[in-house]
There are 2 protein chains.
Amino acid sequence: MTRHVQRSPGASLAAMSPGSQQRPAPVVEVVDLLFELTDRVKAQFAVVTGALELQVPQARTLLRINGPVSMRDLAARLRCDASNMTGIIDGLHARGLVERNPLPNDRRVKQVVLTEEGKRLQTRLRQRLAVDVPVLGKLDDTQRQELHAILLRVVER
Amino acid sequence: MTRHVQRSPGASLAAMSPGSQQRPAPVVEVVDLLFELTDRVKAQFAVVTGALELQVPQARTLLRINGPVSMRDLAARLRCDASNMTGIIDGLHARGLVERNPLPNDRRVKQVVLTEEGKRLQTRLRQRLAVDVPVLGKLDDTQRQELHAILLRVVER
DNA sequence: TAACAATAGTTGACCTCAACCAGTATCTTG
DNA sequence: CAAGATACTGGTTGAGGTCAACTATTGTTA
């Protein structure tokens with residue numbers, strides 16, 4: 001695209017429908033801003049993970065592992081195809097961040113757990129995200145809480 | 001249940017770092033929710049445009065055309081490479097939604113304008129988005145204004 | 001004015017990413 | 001044993017985006 005930014009559907013739709021003289025009806029504009037924000041967050045997310053020498057999918061995965069998880073459950077959490085999980089975990093494993101322990105009861109499943117190194121990196125990653133991602137940087141605690149509440153309401157989960 | 005949704009970096013990072021007993025510090029969770037929401041909006045956006053037999057990039061483009069715009073400016077608005085514009089506009093043109101008028105002063109540039117049909121479809125698209133996209137459906141006016149304000153603050157433009 | 005540089009649009013080749021699908025080996029369960 | 005689930009492999013596909021040329025036109029400048 002323009003040569004420097006990746007996009008999502010609906011950025012900058014702020015302009016109004018041709019005839020209407022009513023107020024800016026943020027209907028479409030909210031969607032617009034949302035995508036704008038998401039793009040920036042994504043970009044910054046990539047910068048942060050890159051600085052820790054993690055690929056984006058690896059970082060996403062790392063952030064989801066807390067207790068032992070099967071590959072399948074991990075894939076479900078990340079909403080990606082299970083077949084993609086293997087490669088991601090391979091990468092994390094190669095860096096000594098996770099281990100694959102076969103579950104004793106059911107030796108088909110391999111439980112993924114963080115190593116100590118993995119835990120350390122997960123914590124660093126969280127810290128860097130908190131500092132470097134614009135969602136938080138530009139909002140004070142109150143505003144962030146507000147945004148959080150609204151998002152929760154919209155996403156409802 | 002892995003195989004039907006497209007993802008973005010960082011969904012559902014809600015869990016806390018292992019050791020910490022402090023409060024849920026929504027730091028990462030906000031990012032998480034944001035991506036979750038964006039994914040849903042994108043998905044619904046695609047559904048709506050599909051119902052109007054528009055491809056997503058076509059719909060995005062349609063929403064940006066209000067006055068006459070050069071291909072280049074359009075590409076800039078959409079933050080995509082100018083080379084992608086051609087095909088998108090081709091599609092819209094084939095459906096009689098836009099026209100390419102060469103600018104008299106500078107015959108290199110082609111000005112894209114909506115036809116009457118194009119204006120009608122743009123309006124319908126806006127309406128459908130307003131109704132069917134979850135950002136608005138689950139929030140009342142006040143809440144939407146709140147979200148709008150916060151997004152504006154974060155995105156700052 | 002003739003040569004040169006720059007710009008708008010277009011085309012087409014290429015790359016990446018992730019979903020999708022099928023097949024295999026291993027294991028559990030009825 | 002048959003059926004089904006887990007993990008892994010590998011191939012295909014499609015959507016996006018990047019990039020390099022090429023044409024036509026305009027602007028600059030020696």
Side-chain angles (χ1 to χ4, degrees), chain A residues 1-11 35 38-39 42-43 45-46 49-50 54-61 68-94 98-113, chain B residues 1-11 35 39 42-43 45-46 49-50 54-61 68-94 98-112:
Chain A
M1 306 225 5
T2 326
R3 73 222 34 146
H4 34 355
V5 192
Q6 79 294 15
R7 289 284 43 225
S8 343
F35 283 124
T38 303
D39 283 346
K42 264 186 200 172
F45 189 94
T49 63
L54 285 169
Q55 294 170 356
V56 170
Q58 289 176 344
R60 288 180 52 209
T61 305
V69 201
S70 74
M71 302 286 284
R72 251 195 147 62
D73 287 353
L74 248 190
R77 288 189 196 176
L78 291 159
R79 309 210 188 156
C80 72
D81 194 281
S83 67
N84 299 122
M85 232 34 253
T86 304
I88 297 173
I89 295 298
D90 278 353
L92 294 177
H93 182 69
V98 300
E99 290 193 350
R100 268 187 263 232
N101 302 329
L103 195 156
N105 315 339
D106 185 340
R107 278 165 31 210
R108 289 172 301 183
V109 352
K110 302 191 179 167
Q111 299 223 278
V112 181
V113 292
Chain B
M1 81 124 319
T2 350
R3 52 209 50 107
H4 36 356
V5 192
Q6 78 296 10
R7 292 283 43 224
S8 341
F35 283 125
D39 283 345
K42 265 187 198 171
F45 189 95
T49 62
L54 285 169
Q55 295 169 355
V56 169
Q58 288 176 345
R60 288 179 53 208
T61 305
V69 200
S70 74
M71 302 286 284
R72 249 191 150 63
D73 287 353
L74 247 190
R77 288 189 196 177
L78 290 159
R79 312 213 184 155
C80 71
D81 193 281
S83 67
N84 298 123
M85 237 30 257
T86 305
I88 297 173
I89 294 298
D90 279 352
L92 295 176
H93 181 69
V98 300
E99 290 193 348
R100 266 189 265 231
N101 301 328
L103 195 156
N105 313 342
D106 185 341
R107 279 165 30 212
R108 288 172 301 182
V109 349
K110 301 190 181 168
Q111 299 224 278
V112 181

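Every chain is numbered from 1, with letters handed out A, B, ... down the list of sequences. Computed from a predicted model, the values in this text were never measured in an experiment.
The NZ atom of Lys42(A) sits 12 Å away from the C1' atom of dC17(C) (whole-angstrom rounding). Rounded to whole Å, atom C1' of dA19(C) lies 15 Å from atom CZ of Arg79(A). In this entry the distance linking CG of Asp73(A) with P of dA5(D) reads 14 Å, nearest Å. Across the protein-nucleic acid pair, Arg60(B) atom CZ and dA15(D) atom P stand 15 Å apart, rounded to whole Å. The separation between Gln58(A) atom CD and dA18(C) atom C1' is 15 Å, rounded to whole Å. Computed from coordinates, the Asn105(B) CG to dT7(C) P distance equals 18 Å when rounded to whole Å. Atom-to-atom, CG of Asn101(A) to P of dT6(D) comes out at 18 Å; the value is rounded to the nearest Å.
Using a distance-only test at 3.5 Å, with no hydrogens or angles considered, no donor-acceptor pair links the side chain of His93(B) to the main chain of Glu99(B). Formation of a donor-acceptor pair under 3.5 Å by the Arg72(B) side chain with backbone atoms of Ala82(B) is not found in this model.
Note: Leu78(B) CG to Cys80(B) SG = 5.0 Å, rounded to the nearest 0.5 Å. Expressed to the nearest 0.5 Å, how far OG of Ser70(A) lies from CG of Asp106(A) amounts to 9.5 Å.
Taking the side chain as every heavy atom from C-beta outward, Val98(A) and Val113(A) never approach each other to under 4.5 Å. You'll find the side chain of Arg100(A) reaches within 4.5 Å of the side chain of Ile89(A), heavy atoms only.
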Atom pairs under 3.5 Å: protein N/O with N/O of nucleotides 10-14 of chain C:
unit_1, atom_1, unit_2, atom_2, d
dT10(C), OP1, Arg100(B), NH1, 2.6
dT10(C), OP2, Thr86(B), OG1, 3.3
dT10(C), OP2, Arg100(B), NH1, 3.3

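Side-chain atoms of Arg108(A) come within donor-acceptor range of the base of dA5(D), with a qualifying N/O pair under 3.5 Å.
Distances shown here put a side-chain N or O of Arg107(A) below 4.0 Å from the OP1 or OP2 atom of dC27(C).
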